[in-house]
Protein chains: 2
Amino acid sequence: MVKATIDDVAALAGVSMKTVSRVVNKEPNVRASTRDKVQAAIDELAYRPSQSARSLAANRSYVLGLLYDNPSASYVIDVQDGALASCRRAGYDLLIHPCKRDTVELLTEVLALVRQGRVDGLILTPPLSDMTELVQTLVSAGIPFVRLSPTEYKDACPYVQTNDQEAAYDMTCRLIELGHRRIGFIVGHPDHRAVTQRYTGYVAALKENDLVLDKSLVVQGYNSFDSGRECARELLSSATPPSAIFASNDDMAAGVIIEAHHRSITMPAELSVAGFDDTPVAHQIYPSLTTVRQPIAEMAAKAVDLLLKQLKGKSVQIPAAIMSCRILERESTGEAGR
Amino acid sequence: MVKATIDDVAALAGVSMKTVSRVVNKEPNVRASTRDKVQAAIDELAYRPSQSARSLAANRSYVLGLLYDNPSASYVIDVQDGALASCRRAGYDLLIHPCKRDTVELLTEVLALVRQGRVDGLILTPPLSDMTELVQTLVSAGIPFVRLSPTEYKDACPYVQTNDQEAAYDMTCRLIELGHRRIGFIVGHPDHRAVTQRYTGYVAALKENDLVLDKSLVVQGYNSFDSGRECARELLSSATPPSAIFASNDDMAAGVIIEAHHRSITMPAELSVAGFDDTPVAHQIYPSLTTVRQPIAEMAAKAVDLLLKQLKGKSVQIPAAIMSCRILERESTGEAGR
DNA sequence: AAACGGGCTGACAGCGCTGTCACTTTGTTT
DNA sequence: AAACAAAGTGACAGCGCTGTCAGCCCGTTT
């Protein structure tokens, strides 16, 4: 049995192939009876429109590209899941494209992706979404894209963000409420604005509660487990160690917890630890980690929706969306000074 | 500036478009001087062949599909990375296609993927690679695919496997060597043959060392963290608990460790714990987990290579590959009865 | 010197769809 | 009943490539 084409369907249904095309693409202005007739023919022949023929004729690929340079597997998977969900709903495919942020080829590589017509538009995830050069290039090349990032970009390009800063603020307030006065903070990788912004929330919460910002309690991490452990070493070696440590992501918080275990510090009695992201590790470690859950999949889905809208009509206004985080209190935090 | 086509390049280089096509596709039998001339024209016009036109004319998509139904993010990401690496080398794209194993639509969905010409071939990962119905369908539809699975399939279809069983055997022997006599085992999800086969290695090691297989030490898990914890509860509640527990994967082993913490059991002094997979969590928990590392990315890369070979020539022989695992001893295991 | 064969090149016909536009049918208005 | 608008349909020309096949130009053989 050879693959049926649109002509076969048209012949069987007794209509023109253009009408079949209309039915397949759910276009309006087809009489219901005609539609049924065509649909019956499609079913009978098990007709599947050829993706490449459609792409060539319509001049679009029905594929979106997902760009990332993120070592965190769970984050990436969540983004993929959310993006895929929206893509499927719209009959689009998703092409994943991990890439190295610092390579010279990055720009040409990404441009080629679009120029070859392999994707119709792009989703940028942090930290790529904050690379000025990349964003600039895409804008001036007129390539449709949506950024997944908590920071706005000066030009009017669409983005999806969460209230990161607010969540960091809330978490810090919660720690203060628990009686903590000396709260260590581990800053995220300087290139990841999405993560470093969380520091702002911490600072704001201290100020709001009339606590002084002690710079010796703020250390620079690099988002990895190992860097978190290193930072914990620094903070816990102090003569006056903090009673709580808030890390800008879960991997670093996990590093803090390990270091505390190795120093026989009991948690949360002697030390409270909080993270950010709610990665799988957060509830698989002991004590389970108090953290902030971001609706990553939903954000990605939203980003795809915005991109698809952009691809259809030319909505000139900036599409943007803000989603909410949620604090999850688990075993790693408790009252201070017990 | 409008996008250049193959005609533009041909005109500029003063050759036919067919010759340009030959240069672009690195076909033989083009004089070096002609090749250079064409290449210069390509560079000057920044010509990028249209993916969809190529696909339509050549009747293939230059895209491979990656099918999975696996909740483990790190496993999936590793597979993606390996597969992508090989794809890029060959100028192919990778389409990810997570799917639910038990849905009725699975088969039609996957067939549509191929029938619409969106992918040229498929990579199946566990547990999909062990679904007889799916494999059977693909075989009889003549769709090229490669299975990532430790089990062979009765028909001659290509696969990539690891020496899982052997590694489980080695790990069990190592525990015995450390003095453990009562070793608990947590079996993997019954539908995941890739995981359940590890039990065979455990049994073989006991036999080899003249230890009786005590069925009360073998409990059925379902691959998840929670099920691992549940199994640990069962094993540790016994009047004569095991001195070591070997879980069929890391998530379940992490569950065991948490349960032990909650019972104030010190590890490895009072209990040794071993896992399988070396997921990120393995070195982020306390104590860090002794486990088995599989070369997942390499396996996926190999699978893609086999698939591409199959796509080119019709090598009738079964292509297959076996890769090796490695035991990683960390903090969670130690001598028995200390 | 004729015959041969392999390297190299080009003409051309599609691949299977969609966009455009012209056309026919139907329903609505005066 | 004529005039008009809107809904419904089809003819056709590509979209930008690759496969096929014919033909040219060589050097090598008899």
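The chains referred to below are lettered A, B, ... by the order of the sequence lines, with proteins before strands, and numbering in each begins at 1. A quick note: this is a predicted structure, and the numbers were derived from the prediction, not measured.
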Kindly say whether [Y] contributes a backbone atom to a donor-acceptor pair with the side chain of [X] at under 3.5 angstrom?
| X | Y | value |
| --- | --- | --- |
| B:Thr34 | B:Val30 | no |
| B:His192 | B:Ala194 | no |
| B:Asp78 | B:Ile296 | no |
| A:Thr19 | A:Val15 | no |

* To do: Determine whether the side chains of B:Ser149 and B:Arg147 contain a donor N or O and an acceptor N or O closer than 3.5 Å.
  =>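 Yes.
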
* In terms of side-chain heavy atoms, does A:Asn70 have a donor or acceptor partner in A:Thr125 at a distance below 3.5 Å? ->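 Their side chains do not contain a donor-acceptor pair, so the 3.5 Å distance test is not met.
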
* To do: Just grab all the side chain to side chain donor-acceptor pair (under 3.5 Å) pairs involving residues 45-54 of chain A, residues at least two apart or on different chains.
  =>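 Residue pairs with at least one partner in residues 45-54 of chain A: A:Asn25-A:Arg54, A:Ser50-A:Ser52.
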
* For B:Asp7, does the CG atom have more than 12 heavy-atom neighbours from other residues, nucleotides or ligands under 6.0 Å away? ->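 Yes, enclosed.
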
* Is there a residue in residues 33-44 of chain B whose heavy atoms reach under 4.0 Å of DNA chain D, and which residues are they? ->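 DNA chain D contact set from residues 33-44 of chain B: none.
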
* To do: Mind listing the residues from residues 18-27 of chain A sitting with a heavy atom below 4.0 Å of DNA chain D? Number order is fine.
  =>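 Contacts with DNA chain D under 4.0 Å: A:Lys18, A:Thr19, A:Arg22.
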
Could you check if a side-chain atom of [X] sits within less than 4.5 angstrom of a side-chain atom of [Y], using non-hydrogen atoms only?
| X | Y | result |
| --- | --- | --- |
| B:Leu64 | B:Leu308 | yes |
| B:Val63 | B:Asp120 | no |
| B:Tyr68 | B:Val79 | no |
| A:Leu124 | A:Val146 | no |

* On DNA chain C, nearest-nucleotide positions of B:Met17 versus A:Leu56: which is more 5'? ->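 With B:Met17 and A:Leu56 compared, the 5'-side residue is B:Met17.
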
* Asked: Given that A:Tyr47 and B:Asn29 both sit by DNA chain C, which one's nearest nucleotide is further toward the 5' end?
  ->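 Closer to the 5' end of DNA chain C: B:Asn29.
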
* Identify the 5'-most and 3'-most nucleotides of DNA chain D with at least one atom closer than 4.0 Å to a non-hydrogen atom of chain B. =>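 Boundary nucleotides touching chain B, in 5' to 3' order, are D:dG16 to D:dT20.
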
* Asked: So how far off straight is the helix from C:dA1-D:dT30 to C:dT30-D:dA1, going by the axes through five pairs at either end, to 10°?
  ->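 About 40° separates the two local helix axes.
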
* Asked: How would you label the contact of A:Pro28 with the nucleic acid (heavy atoms, under 4.0 Å): base, sugar-phosphate, or nothing?
  ->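 The residue A:Pro28 makes no contact with any strand.
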
* To do: Would you please name every residue forming a salt bridge (charged side-chain N to carboxylate O under 4.0 Å, His left out) with A:Lys100, sequence neighbours left out?
  =>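 A:Lys100 satisfies salt bridge (charged side-chain N to carboxylate O under 4.0 Å, His left out) with A:Asp69 only.
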
